Amino acid sequence: MLNKILTGAVAAAMKDLYDQEVLEENVQVQRTRKEFDGDLTVVVFPYSKMARKAPRQIGEEIGAYLKDKLEEVEDFNVIKGFLNISFRLAYWLEFLRQALNTKDYGRQAKKDKDAPVVIEFSSPNTNKPLHLGHIRNNLLGWSVAEILEASGREVKRVNLVNDRGIHICKTMLAWQKWGNGITPSKAEKKGDKFVGDYYVQFEKQNKLEVKQKMLEGYSEEEAGRQSDLMKEARGMLKKWELGDEDTRELWEKMNAWVYKGFDKTYKRMGIRFDKIYFESETYLLGKEIVTQGLQEGILFKKDDGSIWADLSDEGLDEKLLIRADGTSVYMTQDLGTAQLRYDNFKPGKLLYVVGNEQNYHFDVLKIVLKKLGKAYADDIFHISYGMVELPHGKMKSREGTVVDADDLMEEMHASAKAITSVLGKIDEFSQEEAEELFEKIGMGALKYFILKVDPKKNMLFNPDESIQFDGNTGPFIQYAHARIQSLQSKALEKGYKKPYLTKKSVLQDILPRERQILKQLQEFPEIIRQSAETYSPAQLANYIYELVKDYNGFYQDTPVLKEEDEQKLLFRLGLSEMTGKVIRTGMALLGIEVPDRM
RNA sequence: GGUCACGUAGCUCAGUUGGAUAGAGCAACGGCCUUCUAAGCCGUCGGUCGCAGGUUCGAAUCCUGCCGUGAUCACCA
C-alpha cells in the first residue's frame, strides 16, 4: 500500500518536474537497506537520461517534491541514484494499529468470480510405499495450494493414483504365489508396506529366473521377455483388462490395503485431497480422445496399427499414443485425466506437481492437447521440482537407499523427543501434551527443511543432519513463536489489555530494529502474492526466517516488560503480537503447526 | 550427441526478478542467563558468485561461448 502511494507520486513528480511520462509500475521501489537511513528507496538512475540531469540532482528534486506532496513522508536523503525516504512515526503507528485489527492479515478474500485452480500432487503408485521424493512432492503441492488460497483463489486439491498396470499385476501375482493368504492385519504391517514387499519379492525372483535363462544362452533382453513370471504377470494384466472377476477382486482387495496405509501417511503429513482420480477410471477416456483425434485427421496411424501424433512442426519428434496392440501408454492416460479434470471443475488453471524428470512429458502433453483443439491446454502449468539426493548419491530402490516416508517421520518425532527432553523444557507437560509437542516439532523440522529450498533445484538431504533445531529451521521459528505467546500472556497477567494500541497513541521515537520489523510485516501480503505467482513456498519460508531473526534481536535487546514508558511498552507488545500473527499465518501456509509453548 | 535445468563461503542454502559494500545457518573461535523461555542474542573467521567475453549509469541476476553436475531424448509409468 505504501509502495503504491510512492510509485504514483513518483510518476506524478516526473510529469510535473520534467514533463516525462513514467508508468507507475515501472517505478522501482525497494526496502531501504539496513545500513542507510530511510524506510523505502526509490531508484532514480533510470530517469537520469530522461531528465538530462545527474541522478543525484533528480533524487533531490523528487525527494523534495514527495516531502511536499505526501504527508506520510517525513524526510529523505539521496545517495548516488538512490532516494531514501523515511515515513512519519504516525504513519507506522497507524499501520500497526490497523494490521492488529485486521482478521487474517495477509490473506486475500476469495474472489468468487475466478475459476478454480486444480492442483494435482502426490500421485503414488499402489505397489510401493511413499518415500522421501513423495514427501517433497506432497509438501510442495500442499503448500502451494494453501498459498494460492491465501492469495484469494479457489483451489481444488487432486490426487491421481496409478492403480493399474503391469507393476500392480506383479505384486498381485507375488502375493498369490507366496502370500499364503496372509493379510496386513495378520502380519501386523501397514498395508502399503505389506503390499510393497511382494513387489520387491517378485523383482527378486524374476531376476533369478532371468539370470538362469541367460545361463541357458538367451540374451538379456530375450531372457527378460521369456521369464515365466513375466509371462504370468502379463497374462494377469490381460485378464484384468478383460474384467476377469477373480483378478478384479484380488486387485481391489490389495489396493484397499494400500490405500489404508497411504491414508495414515497422508494424515500424519497433514494433507488431504478434494478428489482422488484413479487411472483405472480414466485411461479409457484417453483412448477415446485419441480415437477421435485420429478420425479428425489430427493424429495418424502406422501400418502396425499404432497411433501417433506428429510434433515435427513444434521441433519435436513423433509421439506414440496407442500401441499396436491397442493398449494405452502414460501419455494417453494423462490426456484422459486432463479432460476429465477440466469437465469436473472448469478450472482457470491446471497445475501438476511432478518431478523435473517429466518436463518433456508435460511439454508434449500441452502440445498434443493443443493440437486436439483443447483450449485449456494453455492453462496447464507444470510445477516442476528437483530430486532429493542423499549424501551417498541418488535414491535407488534396488540398492535399498530409499528413505521411507513413515520411517523418516518417526525418526523426526524421536529426535524432537530426545532433544526436547535433554533441554528439560517439558516438565509441566502431561504425557499427551508432550507427545503432541514432539510431533509438531518433528514435522515442523522436516517440512521446513524441505520447503525452504527453491523447488526447481535438486536438494541434498542428509538424514543425520536434517534434524536440526538451530538456524534456518522450523523449530527455531516455532520456538520464537512460543516465546512471543509467553510474552503476551505475561503481559496480560500484568494487566495490559489488548488491543495495545489506541488511536491516541503518541510515541516520540522507535528503534531502527523495530522499524525494520514494521517494514517486513508490511511486506507480508506481497510475499504471499509473490509466492503464489511463482509457486514457491521457499520465498515465504525464507521471509519468515528473516522476520524471526530480526525479531529475536529486537526481543533480546529490549526488555519489554521492564519498560518505564508505557507508550513504548504498549507499542512493543503490539509489535510482538503482530509478529506472532504473521508467523502463525505464514507457517500455516507451509503446513506447519506452531505450538504456543515449547 | 540434441534439448532443458542447475553451478554463490569448507558444508547446506538465501539473494525481493538489473541496483548500494553479495547475505544467513552449520562447522571453528570469543562474549552474554538475578530480567519476557539461552532451542536464544552479540561478535570474529571465511567469497575471483564455475570460466571467458558482451549488453549499460550498474550484472550473481540478461545475451553468447566454453567447463562441470543432473534430468530427459522408451511401444516404462
Side-chain angles (χ1 to χ4, degrees), chain A residues 28 30-33 35-36 41 43 45-46 48-49 54-55 79-82 84 123 125 127 162 164-167 279 302 304 306 308 315-317 319-325 327-331 333-334 355-361 363 384 386-387 389 391 394 416 419-420 422-423 425 441 449 452-454 456-462 465-466 468-473 475-480 482-491 493-494 523 526-527 530-531 533-534 538-539 541-543 545-546 549 552-563 572-573 576 597-598:
Chain A
Q28 290 182 60
Q30 54 193 282
R31 196 160 83 208
T32 304
R33 295 215 165 195
E35 315 86 81
F36 302 99
T41 295
V43 184
F45 283 107
S48 183
K49 259 186 193 156
I79 296 170
K80 292 196 268 185
F82 299 96
N84 303 320
S123 315
N125 286 356
N127 63 328
N162 180 356
R164 48 152 247 122
I166 189 72
H167 48 295
E279 276 191 13
K302 287 196 177 174
D304 62 3
S306 56
W308 297 72
L316 301 175
D317 221 345
K319 181 75 193 173
L320 176 85
L321 295 177
I322 287 185
R323 295 191 188 99
D325 65 4
T327 56
S328 62
V329 294
Y330 180 40
M331 183 62 68
Q333 295 163 11
D334 259 8
N356 62 11
E357 74 265 20
Q358 292 192 30
N359 286 353
Y360 180 71
H361 172 79
D363 287 346
S384 166
M387 301 287 98
E389 283 157 11
K394 278 202 66 178
I419 293 172
T420 306
V422 166
L423 289 170
K425 295 227 173 208
I441 295 175
F449 187 89
K452 74 171 180 196
V453 181
D454 186 343
K456 71 171 181 291
K457 290 187 178 176
N458 287 358
M459 67 176 288
L460 185 83
F461 185 87
N462 187 335
E465 290 171 16
S466 66
Q468 287 178 2
F469 296 81
D470 308 315
N472 193 355
T473 66
F476 170 88
I477 295 166
Q478 289 173 320
Y479 179 60
R483 287 199 305 182
I484 287 173
Q485 292 311 103
S486 162
L487 171 65
Q488 293 292 322
S489 54
K490 279 265 162 45
E493 267 172 39
K494 290 203 172 188
E523 282 176 13
E526 175 63 14
I527 289 292
Q530 240 171 53
S531 306
E533 251 169 37
T534 55
Q539 289 178 330
N542 286 294
Y543 163 83
Y545 174 64
E546 199 190 328
K549 239 187 108 42
N552 275 353
F554 152 69
Y555 176 94
Q556 195 86 11
D557 268 16
T558 59
V560 169
L561 293 180
K562 267 180 80 181
E563 187 64 60
R572 286 178 186 162
L573 286 173
S576 278
R597 56 193 183 123
M598 62 189 278

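Please read all numbers here as calculations on a predicted model, not as lab measurements. Proteins get letters first, then strands, A, B, ... in listed order; numbering begins at 1 in each.
The aromatic ring of A:Phe82 sits over the base of B:A20, with ring centres less than 5.5 Å apart and planes tilted by under 30°. Aromatic stacking of A:Phe45 on B:G58: not satisfied for centres closer than 5.5 Å together with planes under 30 degrees.
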Legend entry - Intermediate values then yes/no, side chain to side chain contact (heavy atoms under 4.5 Å, CB included), A:Ile441 and A:Gln478: CA-CA 8 Å; A:Ile441 295 175; A:Gln478 289 173 320; 4.0 Å; yes
Inset, instruction - Determine, step by step, whether A:Glu546 and A:Arg31 satisfy the salt bridge (charged side-chain N to carboxylate O under 4.0 Å, His left out) criterion, reporting the C-alpha distance in whole Å, the side-chain angles of both residues, the deciding distance to 0.1 Å, and the verdict. - result: CA-CA 14 Å; A:Glu546 199 190 328; A:Arg31 196 160 83 208; 2.7 Å; yes
Legend entry - Trace of the side chain to side chain contact (heavy atoms under 4.5 Å, CB included) decision for A:Gln468 with A:Phe476: CA-CA 9 Å; A:Gln468 287 178 2; A:Phe476 170 88; over 6 Å; no
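B:U16 and B:G23 have their C1' atoms separated by 13 Å, with the value rounded to a whole Å. Annotation: B:G10 and B:C45 have their P atoms spaced 15 Å apart (nearest Å). For the P atom pair drawn from B:A60 and B:G53, the interatomic distance equals 14 Å after rounding to whole Å. Comparing B:U69 with B:G30, their C1' atoms are spaced 39 Å from each other, to the whole Å. Taking atom P on both B:G19 and B:U12, the two are 27 Å apart, rounded to the nearest angstrom. Distance check on atom C1': B:A27 versus B:C51 gives 29 Å, rounded to whole Å. Rounded to the nearest Å, the gap between the P atom of B:C62 and that of B:G25 is 27 Å. A gap of 15 Å separates the C1' atoms of B:G47 and B:G7, to the nearest Å.
Among the heavy atoms of the strands lying under 4.0 Å from A:Lys562 is at least one base atom, whether or not backbone atoms are also near. Among the heavy atoms of the strands, none lies under 4.0 Å from A:Pro55. Across all strands, A:Phe36 comes closer than 4.0 Å to base atoms (heavy-atom distances). Residue A:Asp325 is out of contact with every strand shown, counting any heavy-atom pair closer than 4.0 Å. Within 4.0 Å of A:Leu460, counting heavy atoms only, lie sugar-phosphate atoms of the nucleic acid but no base atom. At the heavy-atom level, A:Val453 lies under 4.0 Å from the strands shown only through sugar-phosphate atoms. Base engagement by A:Thr41 is indicated by at least one non-hydrogen atom pair under 4.0 Å involving a base atom. Residue-level contact check: A:Glu35 touches neither bases nor backbone, having no heavy atom under 4.0 Å from any strand. Here A:Asn84 lies in heavy-atom contact (under 4.0 Å) with a base.
For A:Lys80 and B:U21, the shortest distance from a side-chain N or O to OP1 or OP2 is below 4.0 Å. Between B:C13 and A:Lys457, no contact under 4.0 Å exists linking OP1 or OP2 to a side-chain N or O.
A straight line from NZ of A:Lys456 to P of B:A71 spans 19 Å, rounded to a whole angstrom. At whole-Å resolution of the value, NE2 in A:His361 and C1' in B:U72 are 13 Å apart. Rounded to whole Å, the distance from CG on A:Asn458 to C1' on B:C13 is 14 Å. Here the P atom of nucleotide B:U12 and the CG atom of A:Asn542 are 16 Å apart, to the nearest Å. Atoms OH (A:Tyr543) and C1' (B:A24) sit 17 Å apart, rounded to a whole Å. Spacing between atom CG of A:Asp454 and atom C1' of B:A5 amounts to 11 Å, rounded to whole angstrom units. Between the CD atom of A:Gln30 and the C1' atom of B:G23 there is a distance of 15 Å, rounded to whole Å. Between the CD atom of A:Glu523 and the P atom of B:G15 there is a distance of 14 Å, given to the nearest Å.
Rounding to the nearest 0.5 Å places NZ of A:Lys302 at 14.5 Å from CD1 of A:Ile322. Rounding to the nearest 0.5 Å gives a distance of 8.5 Å between OG1 of A:Thr41 and CZ of A:Phe36.
Ring to ring, A:Tyr479 and A:Phe469 are not that close: their centroids are 6.0 angstrom or more apart.
By the 30° and 60° cut-offs, the orientation of the rings of A:Tyr330 relative to A:His361 is parallel.
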Legend entry - Secondary structure string for RNA chain B (Watson-Crick or G-U under 3.5 angstrom, | for other-strand pairs): (((((((..((((.....[...)))).(((((.......))))).....(((((..]....))))))))))))....
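An anti base is found at B:C4: its glycosidic angle is more than 90° from 0. B:U17: glycosidic angle within 90° of 0, hence syn.
The nearest heavy atom of RNA chain B to A:Ile527 and to A:Asn125 marks one nucleotide each, and the one closer to the 5' end goes with A:Ile527.
Listed nucleotides: B:A20, B:C13, B:A5. Nearest to the side chain of A:Met459: B:C13. Among B:C75, B:A20, B:A77, the nucleotide with an atom closest to any side-chain atom of A:Gln358 is B:A77. With B:A77, B:U17, B:U16 as the candidates, the nucleotide lying closest to the side chain of A:Thr534 is B:U17.
At least one donor-acceptor pair under 3.5 Å links the side chain of A:Ser531 to the backbone N or O of A:Ile527. Panel note: side chain A:Gln488, backbone A:Leu573; a donor-acceptor pair is recorded below 3.5 Å. Distance alone, capped at 3.5 Å, places no donor-acceptor pair between the A:Asn356 side chain and the A:Met387 backbone.
The shortest side-chain heavy-atom distance between A:Phe82 and A:Thr32 does not fall under the 4.5 Å cut-off.
Taking both residues in full, the closest heavy atoms of A:Glu563 and A:Arg572 are given as OE1-NH1, 2.6 Å, listed atom of the first, atom of the second, then distance.
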Inset, instruction - Produce a footprint string for nucleotides 37-46 of chain B: one letter per nucleotide, 5' end first; B if the base is under 4.0 Å from any protein heavy atom, S if only the sugar-phosphate is, - if neither. - result: BSBBSS----
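In this model, no donor atom of one side chain and acceptor atom of the other lie less than 3.5 Å apart for A:Asn127 and A:Asn162.
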